[in-house]
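Quick notes on the structure that follows.
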Amino acid sequence: MVKEYNIVITGVGGQGILTAANLLGWAALHAGYKVRVGEVHGMSQRFGSVIAYVRFGEDVYGAMVPEGKADVILAFEPVEALRYINYLKEGGLVIANSNPIPPVQVSMGLATYPSMEEIKKIIEEDFKGKLITLDAEKLALEAGNVITTNVVLIGALTQTPGFPLSAEHVKEVIRLSVPKKAVDINMKAFELGVKAAKELLGL
Amino acid sequence: MAKVTDIVLWDKPGERVLLLGNHAIARGALEANIAVFAAYPGTPSSELTDTMAAVAEKAGVYMEYSTNEKVAFETALSAAWSGLRAMTAMKHVGLNVAADTFLSAVGMGVEGGFVIMVADDPSMWSSQNEQDTRVYAKFAQVPVLEPSSPHEAKEMTKYAFELSEKFKHMVILRTTTRISHARGDVVLGELPEEIKQAKRKFGDFKKDPSRFVDVPSNARRFHPIILEKIEKIREELAECPFNWIEGKEDAKVGIIAPGLAYSYVKEALAWLGVDDVKILKLGTPFPVPYKLLEKFFDGLERVLIVEELEPVVEEQVKVWAFDNGIRIPIHGKDYVPRVYEMTTRRAVTAIAKFLGLETPVNFESIDEKYKKVSAIVPPRPPSLCPACPHRNTFYAIKKAAGPNAIFPSDIGCYTLGLLPPLKTVDTTVAMGASIGVAHGLDVALNGVPGEKETKEKKIIVATIGDSTFFHTGLPALANAIYNRSNVVIVVMDNLVTAMTGDQPNPGTGDTPHGPGKRILIEDVAKAMGADFVEVVDPYDIKATYEVMKKAIETEGVSVVVARRICALHRVGEMRRRGEKWPIYTVNEEKCTGCKICINAYGCPAIYWDAEKKKAQVNPLICWGCGGCAQVCPFGAFEVMKEGE
């Protein structure tokens with residue numbers, strides 16, 4: 001039994017971040033852990049930057065992961081990985097979807113979107129983390145529906161070195177949670193995420 | 001992962017489930033055999049209200065979405081007067097709306113348990129101010145319970161009903177965003193037979209004008225009764241199961257942790273590896289039970305109070321200590337910030353400083369490294385959804401009213417009209433305030449008709465949502481018409497209370513118990529005597545523009561109802577039904593790169609391809625309204641295919 005495990009999930013409102021957090025929370029609960037999931041609803045959700053926290057273990061209290069304590073950041077969008085990088089512990093892993101969603105301010109020419117090289121450099125050199133990226137939408141489409149993007153990413157997350165929940169256990173919770181007609185594509189999406197992360201991590 | 005609306009009715013005592021704090025409170029109310037629930041939605045309280053709405057029929061509970069918090073308060077209060085267990089829920093600022101009834105009714109007491117759930121929003125994730133409801137509790141002399149976890153929130157809800165009934169006094173259950181919107185493991189308790197059998201409970205109102213009529217001669221009796229009751233409650237709370245002393249019994253250092261701060265203190269101490277302190281865990285920040293303080297202070301040499309927002313506990317503890325001749329150092333707001341929400345970082349920093357220790361992580365060095373990130377990360381504020389009808393309405397208003405017009409607005413999704421490129425929101429204060437502010441500005445800038453000879457009349461166009469209109473817009477509209485204002489009021493009617501999660505309102509006519517009676521906004525405006533009333537579909541931008549022009553030209557109060565269903569709501573419904581909608585794309589041969597669609601319209605599904613110098617549509621988030629095709633002067637937006 002792990003004492004405390006901290007996951008930070010980031011992305012853009014509407015990407016299914018809260019659903020992912022809830023699924024992971026249930027998976028941890030079913031594994032017998034004490035669980036906290038932190039989220040924000042309402043105005044801040046509408047296509048803005050979103051952060052959710054999933055914490056579980058023998059001893060967890062508050063719902064928010066403090067800065068410098070996240071074991072892993074799962075980012076649904078690359079720049080949203082960087083925005084919350086201060087949560088990562090030294091030596092932590094960042095798993096990011098590689099598809100940028102340019103904010104309106106970038107399109108208007110009021111701000112610029114950093115390059116993937118810049119993002120990687122800050123994560124790895126300044127924050128001493130490791131970054132892996134995968135095209136989750138592409139894998140979701142391969143599985144059968146782009147709506148399974150979050151399941152691809154959850155699949156990848158389970159391959160984080162030291163992740164306390166088994167991939168099979170998380171997969172089972174997802175199988176029981178999605179509508180019956182969507183089980184097959186979700187299982188496929190999960191497996192594609194697992195496979196991609198394994199390759200990227202050299203497992 | 002079962003549906004929450006199923007879980008809260010599960011007859012499985014002892015089962016461990018994962019629930020949002022708000023869902024846990026709903027379950028607690030059901031376990032407490034609640035009879036009546038009334039509320040107006042408000043983040044972060046809304047999931048409690050929606051859960052009660054979803055299960056009301058199945059649990060035999062009367063539930064209503066009231067038109068505002070004051071009405072909701074009165075609905076629930078009357079049930080409690082009649083001997084029923086009743087609850088109302090609101091966000092912190094909702095208590096301001098209900099405050100008139102709240103403060104006057106305290107002294108009358110209740111018969112059935114009456115619980116006022118108020119969700120505060122420290123750091124203002126979805127709010128207009130940071131008020132601390134515990135201050136209200138002290139002002140009103142009403143006990144306030146504050147949970148430290150979702151499970152405790154459920155247990156406290158049950159206890160709150162019992163406490164309220166025991167002392168015939170109303171009780172506040174105060175949460176914050178980090179309880180209401182935190183999921184945690186919750187253990188289900190027993191459900192009463194009446195709830196399981198969906199048996200509606202009815203009350204009995206015993207007439208007693210000396211109690212229920214607050215004429216001065218009666219009201220004078222109330223105040224001393226209130227003060228007497230609160231001292232009795234303070235004594236009772238020394239035995240409250242949510243207040244306790246833990247840690248090292250003979251420690252020299254003590255920490256007081258009210259509400260959720262207890263969780264942060266526990267994590268901070270574990271992170272610091274400190275265990276030679278005594279902790280006073282307080283579930284009742286007002287009134288602080290003095291008997292527990294006596295026990296806690298015994299043997300202590302220094303005390304730190306780790307409290308979020310206002311020093312409510314700190315002031316009570318310091319006054320008590322002074323009165324009892326206790327002269328040890330008591331710290332609080334000198335170590336813990338008074339603004340914004342509590343975090344583990346804040347708790348660990350305060351405790352480390354207090355104990356003369358290093359923090360386990362060097363937060364300053366993280367902040368220093370983060371400066372580089374702040375410099376290059378583009379902002380991503382929330383925005384109106386793709387296909388949001390409000391975007392079209394704002395676009396048309398701005399075009400019709402011109403750049404010098406003033407745009408008072410209100411509380412709802414449409415407050416996001418503040419952001420570029422729309423920038424059609426000049427003021428937002430409180431629910432319903434758009435109309436009062438519009439009228440006030442008209443008086444200040446233009447004067448009443450015929451009063452001021454002026455060449456340049458300021459055009460004032462207020463925007464207000466359908467639900468907000470019924471909430472507090474109505475008296476302001478009556479005032480504007482009565483006092484001969486010259487303003488345009490645009491009711492952005494998206495046929496749902498959208499911001500808080502799709503609740504019905506009088507404009508939709510639905511209730512949790514079946515069809516209610518629908519009230520049309522245009523009928524209300526006409527009946528009140530508005531000088532111009534018209535309904536328009538904002539998906540037709542040209543028609544909307546023309547109606548706005550006419551409204552602006554009309555002397556007096558013009559009311560335009562811009563009616564079109566909320567896009568998020570519509571897309572959700574269509575997905576459930578397996579329906580498709582058109583998806584637009586950019587014909588790159590026609591796109592000249594003028595950027596009107598981005599710099600004036602600003603749909604989040606449209607982005608700029610800097611290499612091609614063309615607009616592009618993200619097909620994954622285009623919801624097919626076709627607004628882009630209407631604003632593009634070159635006809636570059638075309639339907640690509642039927643989507644999803």
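Below, chain A is the first sequence line, B the second, and so on; all start at residue 1. FYI, side chains are in, hydrogens and waters are out, and symmetry mates aren't considered; it's all heavy atoms of this structure.
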Is it the side chain or the backbone of [X] that comes within 4.5 Å of chain B heavy atoms, both, or neither?
| X | value |
| --- | --- |
| A:Phe56 | neither |
| A:Asn22 | both |
| A:Ile119 | neither |
| A:Ile101 | both |
| A:Glu39 | both |
| A:Glu77 | side chain |
| A:Val35 | both |

Sub-6.0 Å ring centroid separation between A:Phe163 and A:Tyr5: yes

Among [options], single out the residue with the greatest number of heavy-atom pairs under 4.5 Å to chain A.
| options | result |
| --- | --- |
| B:Val361, B:Asp367, B:Ile376, B:Thr344 | B:Ile376 |
| B:Gly602, B:Gly501, B:Pro386 | B:Pro386 |
| B:Ile179, B:Ile606, B:Asn599 | B:Asn599 |

Residues A:Lys188 and A:Glu191 bridged, charged N to O under 4.0 Å: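 A salt bridge is absent here (no side-chain N lies under 4.0 Å from a carboxylate O).
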
Closer than 4.0 angstrom, basic N to acidic O: yes or no for B:Arg178 and B:Glu341? yes

Quick one: do the [X] and [Y] side chains pair a donor with an acceptor below 3.5 Å?
| X | Y | value |
| --- | --- | --- |
| A:Tyr33 | A:Glu4 | no |
| A:Asp135 | A:Asn97 | no |
| A:Thr10 | A:Tyr87 | no |
| B:Ser180 | B:Thr175 | yes |
| B:Lys91 | B:Thr43 | no |
| B:Thr177 | B:Asp121 | yes |

Give me the contact list for residues 62-76 of chain A versus chain B, heavy atoms only, anything under 4.5 Å, ordered by residue number.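 Residues in range: A:Gly62, A:Ala63, A:Met64, A:Pro66, A:Glu67, A:Gly68, A:Lys69.
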
Check against side chain to side chain donor-acceptor pair (under 3.5 Å), B:Tyr262 and B:Glu246: CA-CA 11 Å; B:Tyr262 169 74; B:Glu246 66 175 61; 2.7 Å; yes

What residue among A:Val37, A:Leu29, A:Ile9 forms side-chain contact (heavy atoms from CB on, under 4.5 Å) with A:Leu24?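 Output: one option passes, namely A:Ile9.
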
Identify which part of [X] has an atom lying under 4.5 Å from any heavy atom of chain A, answering side chain, backbone, both or neither.
| X | value |
| --- | --- |
| B:Pro421 | both |
| B:Lys595 | side chain |
| B:Leu419 | neither |
| B:Ile621 | side chain |
| B:Glu368 | neither |
| B:Val265 | neither |
| B:Pro420 | both |
| B:Phe363 | side chain |

Check the pair B:Asn618, B:Gln616 against side chain to side chain donor-acceptor pair (under 3.5 Å), reporting the backbone distance first and the verdict last. CA-CA 7 Å; B:Asn618 177 351; B:Gln616 301 287 340; over 6 Å; no

For chain B, which candidate among [options] shows the most heavy-atom pairs at distances under 4.5 Å?
| options | answer |
| --- | --- |
| A:Thr112, A:Val106, A:Leu176 | A:Thr112 |
| A:Val79, A:Ile122, A:Leu82 | A:Leu82 |
| A:Val173, A:Asn86, A:Val104 | A:Asn86 |
| A:Arg83, A:Arg55, A:His30 | A:Arg83 |

For B:Lys372, enumerate each residue passing the salt bridge (Lys or Arg N to Asp or Glu O under 4.0 Å) test, keeping only those at least two apart in sequence or located in another chain. A:Asp126

Is the NZ atom of A:Lys195 crowded by more than 12 outside heavy atoms at less than 6.0 Å?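 Not more than 12 within 6.0 Å, no.
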
Please check if the number of heavy atoms outside A:Lys138 that lie under 6.0 Å from its NZ is greater than 12. no

Between B:Gln503 and B:Asp50, is there a side-chain heavy-atom distance shorter than 4.5 Å? yes

Let's go through A:Tyr84 and A:Ser49 carefully: what are the C-alpha distance in whole Å and the side-chain angles of both, what is the deciding distance for side chain to side chain donor-acceptor pair (under 3.5 Å) to 0.1 Å, and is it a yes or a no? CA-CA 10 Å; A:Tyr84 300 106; A:Ser49 167; 2.5 Å; yes

